[in-house]
Each structure stands twice: as structure tokens, then as C-alpha cells.
Number of protein chains: 2
Amino acid sequence: MEDGPAASPPRRGAAVSGERQATLRDVARAAGVSQATASRVLNGSIRNVRQGNAARVLAAAAELGYAPHLSAQAIARGSTNTVALVVSGVDDPYFSSIAAGVTQAAEAAGLIVTMAVAGRSPERELQIVRTLRGMRPRAIILTGSRIDGSDTRDALVEEFDAYRDAGGSVVLISQHDLPFRTVSIDDYGGARQLARALAGLGYRRFAVVCAGGGLRTSRDRCGGFMDGLREFDIDINEQRVVEAEFSRRGGCAAARELVRRGLDGTELVFAVSDVMAIGAMTAFRDAGLVPGQDVAVAGFDDIGPAVDVVPELTTVTVPLRQLGLRAMELALSDDDASRIVQVSTSVVLRGSTRRLPRPRADDRG
Amino acid sequence: MEDGPAASPPRRGAAVSGERQATLRDVARAAGVSQATASRVLNGSIRNVRQGNAARVLAAAAELGYAPHLSAQAIARGSTNTVALVVSGVDDPYFSSIAAGVTQAAEAAGLIVTMAVAGRSPERELQIVRTLRGMRPRAIILTGSRIDGSDTRDALVEEFDAYRDAGGSVVLISQHDLPFRTVSIDDYGGARQLARALAGLGYRRFAVVCAGGGLRTSRDRCGGFMDGLREFDIDINEQRVVEAEFSRRGGCAAARELVRRGLDGTELVFAVSDVMAIGAMTAFRDAGLVPGQDVAVAGFDDIGPAVDVVPELTTVTVPLRQLGLRAMELALSDDDASRIVQVSTSVVLRGSTRRLPRPRADDRG
DNA sequence: TTGAAAGCGCTACCAA
DNA sequence: TTGGTAGCGCTTTCAA
């Protein structure tokens, strides 16, 4: 009571209202107009409102710090400005690049992105889709490899069907066999090309690091690689194929396992993803082997860090960010409900596969 | 007409309703109960409903593929299960690690995360916060360095104030000087410690790669580093300080610039973030210099890839994922509205600073 | 150009 | 244990 002139303690800033977000009614009242008019001013149809009123509404809104209740708008309009994105993990450069693409495209379209992490669990994935559906997003974009033999497949399809029937649009990234719009990577073909290129370089003795757990992506890449090799009459010994977690850690573990079993003349290790390949390189190094020299390494994806490791990683380029952009594009288009868009991949030979006709490779070592 | 027995074409799946998401009314009707009862069954208070009814409601919901309209719930309940996260970029391992932490904590609390990307633009940031506020999230978590001299500061504070007054909770990560709950990194102290450690190793001639544009984080880290050096009577020549974009690319550019100016006896380059440091290492390598040997490099953050590059990067550890977890914790607590939580940092000496008493360092280069 | 009023899908209170 | 009903904040006819 000693400081202020009045009894009621004044509040700072524009938001004088206190304890409650300002509503459209508040704005309308403050501006001396009806809710309808205020609403008209605050979105499109400002043209049908007298200037003076419009100005007063705008002023009142600013004064009160008004922010329209998106949920209320959604419910009144019957539609939202939201897009839902489901990834396996944010941390992984593969997904974060895709997410960057999606976000960028969404932004350009004035949409808000809601992201959920399913972490390689089909059950979790299903549950997430169910929840996300409740947000009535314009689209649900699902990334992450399908898992063979998972029994949630039908439930997922059902969920998506219901969503699509109600006007939502479903886009899958790198998932095959699900009857929805899909941005697809040619995992098999890319790996096959890679195998050919490497065999062409003169490599003959290979090992493969792949992911377990029925991950479709891993299986396709392995298959393509093996088939490509077979064209050169090269087979891979069972002992030289090791399964591990689809992550950097997994790559490390797999490389260690390979070393334990005895590399035994293996010239090149193909890991089904760059993340795994990079893990493997580090593990090899820790085991006293120089990647690219004692043992060549190749990956798949061409994530950003692939060029920061030494030697730079030979891999198959996947336009990750584009994947995201395309997915949003597909989501917003009104074409066939189950169109498939293939993005193209290409082999990039770098220092990690040593017999490389590239001058700079020698400066490194 | 030849195939089906009846005239109307049947639709696949459980979602027989067609063209419209099933509503609670649909479910209630199908189950032969009132909306109120259906609502009770579908959330908490199932205990106060007769078993038979409950079962029928559940069945009907499943049959119709019912997914509650989250916006409607939000509006009826007056609260949401949403948390908003604003980052500068998804692609950047710094932010994606934080995002992983936030997401994990949110999941545990049954919250949905909405993510927006502000990309180093204060204006965009402000606009995003404004929009996000409309979602009435339980909390808004903002990451990314404050930018000195940006004139959006007051507007941002105002926005947050209004939001908080209405019951929202604001959490800042690594932003200083804003009157809200903050999870803070000791940028200055960490960098100072690093400088001491490096000087202790015997380094005397330094260069610094920092970010321009008034980025507070960069300034603090630079300042700490310089002050730490000064304790050893070491000064850094102006010519040895270069500003660049706060990104991998920026790091590359800065390193090139340094080489252009002539390294001239520089023993160690400190980059204000690992992302920049890694870019710099790659650029040095491309210029024919071996990082860790011809020139030592140190960074800040200890992002994942820091141990995948060669030589491994000396840096200051910041518990990125924890930052995210703590932020959610703060967001959900009802302590003081402007508490500051410091996470601790620590220096990690690795191969990129060569005079390192670590045996394995020799196996590498 | 304006305002009254009818919803949108849901929750929660109250009475039965 | 139930159902009727009054909102929640907004948009959008429909008349005036």
C-alpha cells in the first residue's frame, strides 16, 4: 500500500485481462461491435467491414493480446491447419533431414507440424496414429521402415482408411505395400548399383552389416547388394553377415563382432545405413584398423556427416530433405489416393572405398 | 451390378460410415445410450457405468473407428495435451538432441509435441510463438540463442507474458535475460574452462571461429574463452578471430578464411560450436592440413558426431538430451515462474588437441 | 455493412 | 447409474 497510488495492483504489459486468454467476445466488446464483425475483421473478409470498425477491432485485439483459439476455429470450420509427422527418432540424421523437408514445405503452405516419435515400435506407431487422427490434421505423414511380420499392419491400414475416408490424406515415406500415397526409395536398386560399382572397383571379399527385427528397408538393401554382387559371381559367406540394431551403436557392435569373428581377408564392409556405417568405422578404428585402408566401408543414405568422417564415406545418395518436401506435396495434392513417387538414388564413391581414382584421397590417410 | 448382391457399393474396413469421421453422437446412438454415457465410458469414469452399456459403447467406438476430436475436447475441457517446441532448425544435431529429450519427456507425460522451426530469425520466432499460443498448449518451450540488438525482444516478452498470465508455462532453453523459466548452459564458464585446459596442455597461439549476427551464445563462449586465455597472459590477435554463419558451412568458410589469411603459427582453433568445428576440420583437411596434427581444433556442445570424426573432437560437454528433459520438467512444475536451472558442462579432451596424454592418439593420424 | 443465432463435437453439471 | 442440457470459442448463414 505504500508504493502504488491505487489499491488494486496493476499488471504489466498489454495483457491486462489477467487469468484468461482474451476471447473474440472480449475483442468484440472492447471494439464495440458484434462477434460476427470482429470475426470478419480478424480473418479474410475485412473488405465488408467499415474502416473505422475494422481499425477498432484490430486495435482491441492488439491491446488485449488476442490470439484466436485454434481449437475453436478448427471445430467451427471443420478443418485444421495441422500436419502430423510420425518418425522413428528425431535424433537420427536420417529422420531429422526428412523432418526438415516436411517442416519447410509445411511452413510454405502455412501449416503447423506436429511431430511424434514411434521409435521402431509398431505398437507405438499404431497408437500414435490413432491419437494423431484425433487432431484432424490435413495429412498424416509416416516415415520409418515397415517391419515384416508385425501384426499391427491391418489395424494400421484400418486406421488410415477411416482417416482417409473422412477426407484426411495419408502419405508414407519409404514404406512399401501399404495402399496409400507413398514416397518411395529404391532400396533394392540403389544397393544393387552400389554392389556393382564396388565390384567394378575390384573388391571381391565382402561383409554386410544389416539390421535385425524384420526391418524391411534393411532386407531390401541387403538383398539388392547381394544380388548385385552375384552378377559378378561373388557370394557372401554367412559368417560375414551380421545383424545389429539399426543405429550408430548397432553399427559399432556389428563391427566389433566382425572383428571378433576374424576379418579374415574381408576387403569391404557394407552397412545398410550410413548411421551404422559410421558407427562401424569408429569401432574399426578403436580396434586398430584404419577404415578405407585396412578395410573399406560403404553405407546408404548419404546423411550429412558422411562427408565429415575420415575417410569420407562411400554411400548411396538419398535426397532426404526432398523426401520430406515431396511427401508434403503428395499430401496436399488431390491425385489418386495411392500414388507412388520414387525418388532417385545414386552411388557416390568416396575415400572409404580406397581404390578410388580420386587424387585427393592420398593427402588424407 | 453383376458382382454384389445389393445395389449400394460396400466399403471396405471398419469405417463404414463414409465421408465423415464418426462423432461421439454416432457412437452413443449405435450403442443405444446418451452422449453423456458414451463420453463417460470413453474416458476416466467408466466405473460409473453399467457393464453392459460400457461394453456396447466400446464396441460401437471400435466398429465405427471412432477417434475423439481433440479440438472439441480441448475446447470443452478448457485445456489441451499439447506442448509446443520452437527450435532454430531440426537438421542440426544440437537441436535434434534437445528435441529428442523434450519428446521423450512429453511422451512420458502423455503430451503431444508440436514443433516449429524459427531458423535464426527473431521475426519468424515471434510470429511462431504467436501462432503456437493459439493452440493453447500447456507449455511453450523455446530454444535457440537470443540475438543481441533484435527489436522483437519486447514483443516476445509481451506475448509470453500474456500466455503465462492465462495459465501457460514458458520455458526457455539457453536464453538469458528473459524473465521466464530457463534451462541455462554456462556458455561463458564452459568456454573459460576449456581455455584453461588447453593452455594447460601447452597451447599458446590460438584462433577463434565464432558466429556473427549478434548471437548471444557465440559471444558468451568467445568471451569465456578469451578470458580463460588471459589468465595465462595469452591474447588473441584480431586477425585470428573470424566470424561466420553458425553452421557447418560457416565453420568451413571460416577455416578457409583462416587459411587464406595465413595460419602463421596458429596452434589451435576454437570454434564456438561442434557443428562449426567439424566443418572447420573438414575444410582444413581439404586444404591439406591434418587436424589435430598440423592444427588442433576444439568445439563446444559435444554433439554425437564429435566422436565419429577423426581425430575425435575436443569439446565442452553439454547434456543436450537432458536439456530437453529438464525443460519439460520445468514446464510441468508449478514452482516460481522464472526459475533458472543450470546444467553443468565439462571439458572433454580428445584427439583433436594433440598434446594429449592418451595412448591411443598415436594409432590414428 | 451489421448483428443474432445456430451450430461444430465434446465435457461436466445437475436432476432424475 | 443415467440423460438432459448448458456451455467452451469460434465461424457462418440469414435477416435486417
Side-chain angles (χ1 to χ4, degrees), chain A residues 17 19-57 60-61 64-82 131 133-137 166-168, chain B residues 17 19-57 60-61 64-82 131 133-137 166-168:
Chain A
S17 63
E19 295 322 298
R20 203 172 53 76
Q21 300 266 18
T23 74
L24 187 59
R25 261 180 53 167
D26 300 331
V27 174
R29 229 190 312 248
V33 299
S34 74
Q35 265 196 65
T37 299
S39 173
R40 278 188 282 256
V41 171
L42 262 12
N43 35 58
S45 16
I46 193 172
R47 313 146 51 96
N48 313 332
V49 177
R50 211 190 313 150
Q51 282 236 344
N53 277 344
R56 258 176 305 143
V57 169
L64 295 171
Y66 172 72
H69 196 304
L70 262 26
S71 288
Q73 288 193 150
I75 211 180
R77 290 212 252 254
S79 74
T80 65
N81 286 315
T82 294
T131 305
R133 193 148 82 78
M135 304 185 63
R136 303 290 185 270
Chain B
S17 64
E19 295 323 297
R20 204 173 52 77
Q21 299 266 18
T23 74
L24 186 59
R25 260 180 54 166
D26 300 330
V27 174
R29 224 181 326 241
V33 299
S34 73
Q35 265 196 64
T37 299
S39 173
R40 277 188 283 255
V41 172
L42 263 11
N43 36 58
S45 15
I46 193 172
R47 311 147 53 95
N48 313 331
V49 177
R50 212 190 313 149
Q51 281 232 346
N53 278 345
R56 260 177 302 145
V57 169
L64 295 172
Y66 173 72
H69 195 305
L70 263 26
S71 288
Q73 288 192 153
I75 212 181
R77 290 212 251 254
S79 73
T80 65
N81 286 315
T82 293
T131 305
R133 193 147 82 77
M135 304 185 63
R136 305 291 187 269

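Just so we're on the same page: letters track the sequence lines, and every chain starts at 1. What you see is a predicted model, and the numbers here were worked out from it, not measured in a lab.
The distance from the CG atom of B:Leu42 to the CD atom of B:Gln35 is 11.0 Å, given to the nearest 0.5 Å. To the nearest 0.5 Å, atoms CZ (A:Arg133) and OH (B:Tyr66) are separated by 10.5 Å.
Checked against side chain to side chain contact (heavy atoms under 4.5 Å, CB included), B:Arg50 has the following partners two or more places apart in sequence or in another chain: B:Asn53. With sequence neighbours left out, B:Arg40 forms a salt bridge (charged side-chain N to carboxylate O under 4.0 Å, His left out) with no residue at all. Residues passing the side-chain hydrogen bond (donor to acceptor under 3.5 Å, both in side chains) test with B:Ser34 are B:Thr37, sequence neighbours excluded.
With rounding to whole Å, A:Leu42 atom CG is found 13 Å from D:dT12 atom P. Remark: P of D:dG3 and CZ of B:Arg40 are 8 Å apart, rounded to the nearest angstrom. Between B:Asn48 atom CG and D:dT2 atom P the separation is 9 Å, expressed in whole Å.
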For residues 70-80 of chain A, which side-chain N or O atoms pair as donor and acceptor with protein atoms under 3.5 Å away, sequence neighbours left out?
| from | atom 1 | to | atom 2 | distance (Å) |
| --- | --- | --- | --- | --- |
| A:Thr80 | OG1 | A:Thr82 | N | 3.4 |
| A:Thr80 | OG1 | A:Arg136 | O | 2.7 |

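Nucleotides of DNA chain C lying under 4.0 Å from heavy atoms of chain A occupy a range whose first and last members, 5' to 3', are C:dT1 to C:dG9.
Phosphate proximity of D:dT2 to B:Asn53: present, with a side-chain N or O under 4.0 Å from OP1 or OP2. For the pair B:Arg50 and D:dT2, the criterion of a side-chain N or O lying under 4.0 Å from OP1 or OP2 is met.
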Give every pair of a protein N or O atom and an N or O atom of nucleotides 5-9 of chain D that lie under 3.5 Å apart, one pair per line with the distance.
| from | atom 1 | to | atom 2 | distance (Å) |
| --- | --- | --- | --- | --- |
| D:dC8 | O2 | B:Ile75 | O | 3.3 |
| D:dC8 | O2 | B:Ala76 | N | 3.4 |

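Looking at A:Val27, A:Val49, A:Asn48 one by one, the single match for side chain to side chain contact (heavy atoms under 4.5 Å, CB included) with A:Val41 turns out to be A:Val49.
When the C1' atoms of four end pairs are superposed on the next four at each end of the helix from C:dT1-D:dA16 to C:dA16-D:dT1, using five pairs per end, the two resulting axes differ in direction by 40°, to 10°.
A pairwise comparison of heavy atoms in A:Asp26 and A:Thr23 identifies OD2-N, 2.8 Å as the closest pair. Minimum interatomic distance between A:Val33 and A:Ala38 (heavy atoms only, all atoms of both residues): CG2-N, 4.1 Å.
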